[in-house]
Amino acid sequence: MIADSVHAIWCRELQRDDISADDDFFVLGGQSLIMVRIQGAYMEELGVEVPMDQMFLNPTVALISAYIESSGAVAS
């Protein structure tokens, strides 16, 4: 499931294990360098390229997971 993978990436990159699906990336302490690492992890681990603007527009695990699923770009 995409949301589980996104959650794991966020926990690793933000170095937290208490992230919920609706927590805002920026409130959690996210900043541009972490966002770039997450963007790379999406490419490497999920096989999907997520544009930076979408990461700003979808700043929660739930929202970015829905975006990735709706994009249809995830490798099976």
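Bear in mind the structure is a predicted one, so any value in this text is a computation, not a measurement.
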Hphob cluster co-occupancy, [X] + [Y], side-chain heavy atoms under 4.5 angstrom:
{"X": "Ile38", "Y": "Phe26", "value": "yes"}
{"X": "Leu14", "Y": "Leu63", "value": "no"}
{"X": "Ile34", "Y": "Leu57", "value": "no"}
{"X": "Tyr42", "Y": "Phe56", "value": "yes"}

Any chance you could measure [X], atom [atom1], to [Y], atom [atom2], to the nearest 0.5 Å?
{"X": "Gln54", "Y": "Glu49", "atom1": "CD", "atom2": "CD", "value": "12.0 Å"}
{"X": "Ser20", "Y": "Leu28", "atom1": "OG", "atom2": "CG", "value": "8.0 Å"}
{"X": "Ile19", "Y": "Asp24", "atom1": "CD1", "atom2": "CG", "value": "11.0 Å"}

Atom of [X], atom of [Y] and distance for their closest heavy-atom approach:
{"X": "Ala3", "Y": "Ser65", "result": "CA-OG, 3.3 Å"}
{"X": "Ile9", "Y": "Ala41", "result": "CG2-CB, 3.7 Å"}
{"X": "Asp23", "Y": "Trp10", "result": "O-CZ3, 3.9 Å"}
{"X": "Asp22", "Y": "Thr60", "result": "O-CG2, 3.6 Å"}
{"X": "Val48", "Y": "Ser71", "result": "CG2-OG, 4.3 Å"}

Just by distance, do the side chain of His7 and the backbone of Ala21 share a donor-acceptor pair under 3.5 Å?
no
Residues Val6, Leu46; criterion side chain to side chain contact (heavy atoms under 4.5 Å, CB included); working and verdict:
CA-CA 9 Å; Val6 169; Leu46 303 178; 4.1 Å; yes
Atom CD of residue position Gln31 - does it have more than 12 heavy atoms of other residues, nucleotides or ligands inside 6.0 Å?
yes
Side-chain heavy atoms of Phe25 within contact of Ile64, under 4.5 Å:
no
Is the shortest heavy-atom distance from the side chain of Val36 to the side chain of Met52 under 4.5 Å?
yes
Going by side-chain hydrogen bond (donor to acceptor under 3.5 Å, both in side chains), name the residues that satisfy it together with Gln39, two or more places apart in sequence or in a different chain.
none
